[in-house]
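Below: the structure, in structure tokens.
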Amino acid sequence: MNIAAVDYDGLIPNNVALGQDVRVKRALEKWHPGYINWWNDMGPEGFQEALVYLRTAVSVDPKGWAKFDYVRMPEYRWGVLLAPQHEGRKIPFGTHKGEDAWQEVPGEYRAMLRRLVVIQGDTEPASVEQQRHLGKTAPSLYDMRNLFQVNVEEGRHLWAMVYLLQKYFGTDGREEAEALLQRRSGDPDTPRMLGAFNEKTPDWLSFFMFTYFTDRDGKMQLEALAQSGFDPLSRTCRFMLTEEAHHMFVGETGVTRVVQRTCEAMKQAGIDDPYDIARVRKLGVIDLPTIQKKANLHFSLTLDLFGNEISTNAANAFHAGLKGRFREDRLKDDHQLESGTYPVLRLIDGKVKNEDAPALSALNMRLRDDYVVDCNIGVGRWNKVIADLGIPFEIKLPHVAFHRHIGEFSRTNVDVDGNILSPAEWTERRTEYLPSSSDKDYIEHLMQPQFEPAKFASWIAPPKVGIDNKPGDFEYVKIADA
Ligand SMILES: [Fe+2]
Ligand SMILES: [Fe+2]
């Protein structure tokens with residue numbers, strides 16, 4: 001069978017020959033109604049009948065994998081798609097380095113592997129839940145369409161992980177697949193597994209920051225899992241990364257357009273001082289210091305997703321060959337890390353300092369460092385827009401110790417420059433760094449829907465190009481048909 005082509009005949013589009021795999025096909029078909037119920041209950045609120053111009057994966061060939069068309073979201077074809085198998089692939093790191101990649105779950109690592117799949121799987125529906133109210137305040141049909149595209153693809157990512165659970169983990173895999181539909185973002189009794197996925201996404205600036213910062217954590221995790229010696233996981237994650245790129249595009253360009261609109265409005269009104277917040281807000285745009293605070297919030301919440309700086313779990317998963325480093329295949333070392341060290345930021349005698357730790361224990365720190373480098377690329381692009389419009393302001397990522405809830409700095413108060421604050425100083429200065437309730441109220445009052453083709457809310461610039469090269473007045477979502 002041609003792996004690049006996807007079989008669209010059955011209930012579940014796939015390129016894993018599901019037709020010949022009766023047990024797994026039945027298990028997934030049994031899981032399907034629960035998924036649809038979850039989507040109807042927890043997916044985008046108020047737009048389930050709208051026709052949305054969405055891309056659907058029809059192939060796993062990187063050169064032409066998607067087709068665009070109007071779809072009602074509950075009818076989206078969520079499929080199981082794995083990137084093509086590399087003939088003769090070897091386990092690229094850890095104690096089994098150089099052995100044939102596993103096509104079946106290695107018994108000794110079963111529990112560890114299942115946990116990695118479940119944690120990744122849990123984040124996918126969580127973000128759909130977090131974003132379900134946003135359609136109602138979309139600043140344009142273009143943005144609404146992008147939101148829904150991200151949402152249906154996160155739904156597909158859930159399918160991707162559920163396929164692995166159903167195919168490779170028997171009864172407990174089936175139970176985990178059920179549980180993925182039971183937990184709810186922010187629910188006090190049955191929350192999602194990771195903190196950032198239980199936070200609210202109350203407005204569109206949060207959505208753009210989330211897709212910029214938090215989907216980028218997703219990218220880092222998927223890159224690390226794409227290296228896995230367990231080949232089906234590697235292939236699944238490789239294809240998910242194709243979709244993930246669009247999510248980060250939505251975040252990066254979303255923030256760019258907000259920043260651009262703010263600077264253009266300031267220029268037009270003759271305001272040079274970005275801290276003249278009252279005057280800037282009169283223009284119906286989001287002042288740059290508030291955008292900075294939102295970035296501080298989402299960056300710091302996302303850093304917590306990388307876990308403890310020093311981690312035995314991460315060391316074990318690497319040693320076992322299950323989860324590698326960011327782009328392991330491009331790194332030049334022994335890929336086993338039994339010796340060697342890595343600098344880890346620690347709190348030593350009341351100061352934030354680097355200290356060498358065994359490289360194997362410091363893998364979370366290393367992935368987080370790679371993440372910060374990746375984050376800074378887009379921040380540089382935002383700053384270029386600001387500079388080109390002549391406003392004296394620079395967006396900066398806060399210090400990694402700022403506002404942390406997990407790891408080395410979770411019990412310390414640190415400002416955005418890495419200075420330690422007393423609890424009293426932190427309380428007093430918190431709203432210098434993080435959105436205050438009046439900042440939140442201001443943003444919320446701006447969130448007025450704009451559902452006319454070609455029109456955009458006051459606080460955001462139109463995109464440079466349309467999706468699928470569509471013209472500016474294209475009707476990306478047909479709400480009237482709802
Ligand atoms: Fe995802
Ligand atoms: Fe994503």
Side-chain angles (χ1 to χ4, degrees), residues 35 38-39 42-44 52 54-57 60 65-66 73 76-83 116-132 134-135 143-165 177 180-181 183 185 192-199 201 204 206-226 228 232-255 298-299 301-302 305-306 323 326 367 371 374-375 378 467:
Y35 172 81
W38 167 80
W39 179 269
M42 298 311 294
V52 189
L54 294 174
R55 73 177 182 189
T56 303
V60 293
W65 59 276
M73 285 183 279
Y76 189 78
R77 301 301 309 276
W78 286 284
V80 175
L81 307 170
L82 272 61
L116 289 172
V117 172
V118 168
I119 291 176
Q120 181 61 42
D122 193 66
T123 65
E124 313 289 355
S127 65
V128 176
E129 293 164 0
Q130 287 170 293
Q131 295 161 12
R132 66 184 302 252
L134 290 173
D143 290 292
M144 185 192 276
R145 178 261 166 219
N146 284 348
L147 166 71
F148 295 158
Q149 183 71 62
V150 170
N151 292 160
V152 293
E153 285 174 352
E154 300 305 4
R156 203 201 68 71
H157 292 176
L158 172 59
W159 273 94
M161 291 298 128
V162 164
Y163 169 74
L164 294 178
L165 289 170
L180 285 167
L181 294 176
R183 288 185 286 273
S185 175
R192 291 293 172 186
M193 296 169 88
L194 303 173
F197 290 91
N198 288 301
E199 298 284 333
T201 311
W204 276 78
S206 291
F207 171 66
F208 293 136
M209 291 293 180
F210 185 97
T211 41
Y212 186 75
F213 288 113
T214 310
D215 281 71
R216 189 174 309 273
D217 160 70
K219 165 185 156 177
M220 301 307 289
Q221 303 299 336
L222 291 175
E223 289 274 10
L225 293 172
S228 183
L233 176 61
S234 164
R235 293 170 55 204
T236 302
C237 292
R238 272 193 279 137
F239 186 67
M240 289 163 77
L241 281 163
T242 319
E243 293 163 314
E244 205 59 51
H246 177 66
H247 307 180
M248 286 172 292
F249 161 87
V250 169
E252 187 187 320
T253 56
V255 176
H298 287 269
F299 179 69
L301 288 173
T302 305
L305 293 172
F306 290 86
K323 183 178 177 185
F326 180 57
L367 193 62
Y371 168 78
D374 210 52
C375 281
I467 293 295

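When a ligand or atom number is given, it counts from 1 through the structure's own listing order.
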Say whether Gln149 and His246, considering side chains only, have a donor N or O and an acceptor N or O under 3.5 Å apart. no
Under the side-chain contact (heavy atoms from CB on, under 4.5 Å) criterion, do Leu305 and Thr214 qualify, and how do the steps go? CA-CA 9 Å; Leu305 293 172; Thr214 310; 3.8 Å; yes
By residue and atom, what protein N/O/S atoms are less than 2.8 Å from the Fe ion (ligand 1)? Glu124 OE1, Glu154 OE1, His157 ND1
Looking only at side chains, do His298 and Glu199 share a donor and an acceptor under 3.5 Å apart? no
Could you measure the distance from the CG atom of Leu241 to the CD atom of Glu243? Nearest 0.5 Å is fine. 9.5 Å
Using distance alone, with no hydrogens and no angle criterion, decide if Thr201 and Ser206 have a side-chain donor and acceptor under 3.5 Å apart. no
Exercise: do Trp78 and Tyr35 side chains pair donor with acceptor under 3.5 Å: yes
